Amino acid sequence: MMYQQQNLMRALILVLVPVLCFSQIRLPKLISSGMVLQRSEPVKIWGWAMAGEHVEISFNSKTSNVNADKLGNWSITIPAQKAGGPFKMVLKASNTIVLDDILFGDVWLCSGQSNMELPMSRLMDHYPQEAKANNTKIRQFVVPDTANFKKEQSDVNSGKWVNVNPKSIAEFSGVGYFFASDLYARHGIPIGIINSAVGGSPAQAWLSEKALKNFPEYLEENRKAKDDSFLSAIENSNKEEGKFWYAALNSSDDGLKQGWYREDYDDSQWDSTSLPASFSNMPISQGNGAVWFRKTIELSEKWANLPAKLVLGRIVDADSVFVNGKFAGTTSYQYPPRKYPLASGILKPGRNIIAVRVISNLGIGGFVLDKHYCLVVGTDSISLKGQWKIKKGSSMRPMTSQVFVRNKAGGLYNAMIAPLQNYVLKGVLWYQGESNTQKPDEYFDLMQSLVKDWRKAWGKDLPFLYVQLPGFMSEKKTPEDSNWAILREQQRKLKSVANTAMVVAIDLGEWNDIHPLNKRDVSRRLALQAEHLVYGNDKVIATGPVPENIRTDKNKIVITFSNTADGLKLKKSTTLCYFAIAACDEKYVWAAAQITGRNEVTITNDFINDPAFITYAWADNPATANLYNSEDLPAGPFKEVLRKCK
């Protein structure tokens, strides 16, 4: 009898425990201590509880009550508040939750791909003074990178609000941080940024399933991604390919077998090469695999036993580094800058050996030009450019390209945007486009749908500020078509959508780096656009020259620009560069141009009868494009039709 009673009691406990746990009120991760809520607008506080459960919320000396609906959802609206804080909020049901340090200010959603996600840790050498940044009124919430193809999530997987301080600054989005800092300096109010961006993500990954119905190809991609077996097959294929390829590479690499990283290894019979350079310009058999480099440097006594930093620019694709036979660090893909700290005791007076194993898995490997290559101790440095010893360790077939599952259509929206839509925003910052340059002609339609999609989700006409792609890749000597230029033109067209603004960043890129370091000026220009579009400051000059009217006069083309401030001007050169004209065959030739008035540029046409098109800064990287207004804001790339073609 006693045994049966004990079993009955255990059964009741097992039944009641889930009910008791579920009955406790829960909050989404965004609604937490340290949050920044949108000022001057009613804001929603929401969460979950047991069906019908009574929830009491005390805030700012007022108490509100609500009952959860039959699904356990509840929400309450707090009236509009002025900027300020900190405030405290207490929520009571069968449990009590206390939220502290709540601020009211302006909240911006920062989204897109890697140039939005890029953290301050990657920029700290460029902005060393920011290492000491400390501002409790600027806060960030990082949404974890993940995708969900089956449904729109009600909450993000993790995250917390963090304010700017020397310990946290490294994790802040560079663009988001500098933008927030600029707004704070202008308005003196708390600024919250929600960092929801994913490196390498295409625009279609950020569209809802409903919005994808306008794009059959991507809707089908989304449909396939709902199948776990489909995703598993891709992930397993990626894993097996990587496992097999690297196992074969390592087993065949003579450098690993013979210890080419050792300090005492004799490399006197190796060939020499000058770094930085591409593998195609080195005395090795071409193709993929592992290539080893060794360099001997002589150091004085003052360098001995001191901590140091080895700076090796950027390397394509992966590398492992050894100093005096000791492992110094490794990087598995091409984009991050190579900066390896060396503990005291690794360097020594006299002869020191640096050995670098470079793995090229797809395309052409090498050391990227125009980057820093040096050994740094304190304020002293030794250049590592110049002659190195070189030998190929193994040759491999190209590795099959990896497929990033999370970037399939719709997945990022479900996991990283849908859970945020109850949170009131001031506006959206968007920096993306690199991953859509293979099919640039569709970008306007994708982005127009994305803006409409997100505005519908938030139920308001969100201001949408976006960055046009900067210059990238080598500058061409002759005018020619470019996918990057076409995509920039699609971005320019997006300005036709109401309550949007575009930042021209054509002069803020780096030819050899898809992640340019100058995020401060990108953010400054975003802040100027916000000041004009969102904060209603009509006095601010927010953009560079924009072509408004084009007329032809015999052999001349005259363009009138708006947004010139106190007039047009040149930078970088005394000659106006990068205008080109073409007939209907679109075979472009450079055209001489000059500033002929406060708002006018005149292009002289001595080559083409009755031109049909004119372009400016139309290239992957029009580095010498140099038309600006008096506020040092650049004219953006454009393509204009002068006459219709049959």
Side-chain angles (χ1 to χ4, degrees), residues 106 108-118 120 123 126-127 130 138 172-187 191 193 197 426-434 447 463-472 484 487-489 491-492 494-495 497 499-510 515-547 561-566 568-569 571-572 616-617 621-623 625-638:
D106 285 344
W108 290 84
L109 172 59
C110 300
S111 192
Q113 57 183 109
S114 53
N115 274 304
M116 179 61 82
E117 187 179 31
L118 200 74
M120 286 296 294
L123 306 173
H126 201 59
Y127 304 105
E130 301 302 335
I138 295 177
F172 271 68
S173 155
V175 170
Y177 166 70
F178 285 124
F179 175 80
S181 298
D182 201 313
L183 289 191
Y184 182 78
R186 288 174 180 271
H187 299 282
I191 304 294
I193 58 174
K426 187 70 170 179
V428 176
L429 305 183
W430 178 263
Y431 192 162
Q432 190 276 336
E434 298 92 336
M447 288 305 301
F464 199 94
L465 314 182
Y466 62 98
V467 180
Q468 191 182 43
L469 290 185
F472 177 54
W484 279 60
L487 191 131
R488 290 190 198 104
E489 184 68 8
Q491 291 177 311
R492 187 170 78 109
L494 190 63
K495 293 194 298 179
V497 176
N499 210 19
T500 66
M502 182 182 77
V503 163
V504 173
I506 196 65
D507 58 335
L508 302 181
E510 297 177 28
H515 302 120
L517 295 176
N518 189 352
K519 295 297 188 281
R520 173 169 278 158
D521 282 334
V522 169
S523 301
R524 182 179 71 87
R525 293 176 187 178
L526 279 167
L528 286 174
Q529 292 285 19
E531 191 70 13
H532 182 264
L533 179 70
V534 182
Y535 295 97
N537 186 348
D538 293 331
K539 295 181 180 179
V540 70
I541 304 299
T543 188
V546 175
F561 288 85
S562 61
N563 295 297
T564 60
D566 291 331
L568 297 169
K569 73 174 189 178
K571 290 182 69 174
K572 310 175 191 176
Y616 171 70
N621 182 26
N626 60 340
L627 182 62
Y628 287 73
N629 65 16
S630 60
E631 296 292 310
D632 283 335
L633 294 172
F638 62 81

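Everything quoted here is computed from the prediction, not taken from an experiment. All values below come from the heavy atoms of this structure, side chains included, with hydrogens, waters and symmetry mates left out.
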Margin query: Is it the case that the side chain of Gln468 and the backbone of Arg488 share a donor-acceptor pair, with hydrogens and angles ignored and the cut-off at 3.5 Å?
Written below: yes

Next item on the list: With Glu631 as reference, evaluate Leu528, Thr564, Ile541 under the side chain to side chain contact (heavy atoms under 4.5 Å, CB included) test and give the passing residue.
Entry: Ile541

Next item on the list: Decide yes or no for Leu508 and Pro516: does some side-chain heavy atom of the first lie under 4.5 Å from some side-chain heavy atom of the second?
Entry: no

Notebook entry, point to check: Any sub-3.5 Å donor-acceptor pair from Asn629's side-chain atoms to Asn563's backbone N or O?
Noted result: yes

Item checked: Straight-line distance of Phe464 CZ to Leu109 CG, nearest 0.5 Å -> 8.5 Å

Item checked: Those residues that, when tested against Phe172, pass ring-ring contact (aromatic ring centres under 6.0 Å, His included) (two or more places apart) -> none

Item checked: With Trp108, the ring-ring contact (aromatic ring centres under 6.0 Å, His included) member among Tyr184, Phe179, Trp430 -> Phe179

Next item on the list: Could you give me the CA-CA distance, side-chain angles and deciding distance for Asp632 and Arg524, then say whether salt bridge (Lys or Arg N to Asp or Glu O under 4.0 Å) is met?
Entry: CA-CA 12 Å; Asp632 283 335; Arg524 182 179 71 87; over 6 Å; no

Notebook entry, point to check: Do you know the tightest heavy-atom contact between Leu568 and Pro545?
Noted result: CD2-CG, 3.6 Å

Notebook entry, point to check: If you take all heavy atoms of Leu465 and Leu533, which pair is closest and at what distance?
Noted result: CD2-CD2, 3.6 Å

Note to self: Quick check: closest heavy atoms across Pro634 and Val504, and the distance to 0.1 Å?
What the structure shows: CG-CG1, 3.9 Å

Item checked: Side-chain (Gln491) to main-chain (Leu469) donor-acceptor, under 3.5 angstrom -> yes

Next item on the list: Report yes if some heavy atom in the side chain of Lys495 is under 4.5 Å from a heavy atom in the side chain of Val546; otherwise report no.
Entry: yes

Item checked: Pairwise distance OG(Ser111) to CE(Met116) - rounded to 0.5 angstrom -> 7.5 Å

Checklist line | His187 side chain to Glu531 side chain, donor-acceptor N/O pair below 3.5 angstrom | finding: yes

Next item on the list: Could you tell me which non-hydrogen atom of Val175 sits nearest to which non-hydrogen atom of Leu526, and how far apart they are?
Entry: CG1-CD1, 3.7 Å

Check: Where is the tightest heavy-atom contact between Pro547 and Arg492, given as atom of each residue plus distance?
Finding: CG-NH1, 4.1 Å

Check: Can you tell me if Gln529 uses its side chain to pair, donor with acceptor, with the backbone of Thr543 under 3.5 Å?
Finding: no

Check: When you measure from the side chain of Tyr616 to the backbone N and O of Leu627, does any donor-acceptor pair fall under 3.5 Å?
Finding: yes

Notebook entry, point to check: About how many Å separate CE of Met120 and OH of Tyr177, when rounded to the nearest 0.5 Å?
Noted result: 6.0 Å

Next item on the list: For Ser523 and Phe178, indicate whether the former's side chain and the latter's backbone hold a donor-acceptor pair under 3.5 Å.
Entry: no

Item checked: Summary of salt bridge (charged side-chain N to carboxylate O under 4.0 Å, His left out) pairs that have at least one residue in residues 174-186, sequence neighbours excluded -> Asp182-Arg186

Checklist line | Point-to-point distance, once rounded to the nearest 0.5 Å, from CD of Glu434 to CG of Leu487 | finding: 9.0 Å

Margin query: I'd like to know if the side chain of Lys426 reaches the main chain of Ile191, judged simply by a donor and an acceptor atom lying under 3.5 Å from each other, with no hydrogens or angles considered.
Written below: no

Item checked: pair Tyr535-Asp106: side-chain heavy atoms closer than 4.5 Å -> yes

Next item on the list: Begin from the C-alpha positions of Glu130 and Leu123 and carry the test side chain to side chain contact (heavy atoms under 4.5 Å, CB included) through to its verdict.
Entry: CA-CA 9 Å; Glu130 301 302 335; Leu123 306 173; over 6 Å; no

Checklist line | Residue pair Ala617 / Pro637: nearest heavy atoms and the distance that separates them | finding: O-CB, 3.4 Å

Next item on the list: Could you grab the distance from atom CD of Gln432 to atom CE of Met447, nearest 0.5 Å is fine?
Entry: 6.5 Å

Checklist line | Ile506 side, atom CD1; Asn626 side, atom CG - distance, nearest 0.5 Å | finding: 12.5 Å

Check: Sequence neighbours excluded, which residues qualify as ring-ring contact (aromatic ring centres under 6.0 Å, His included) partners of Tyr466?
Finding: none

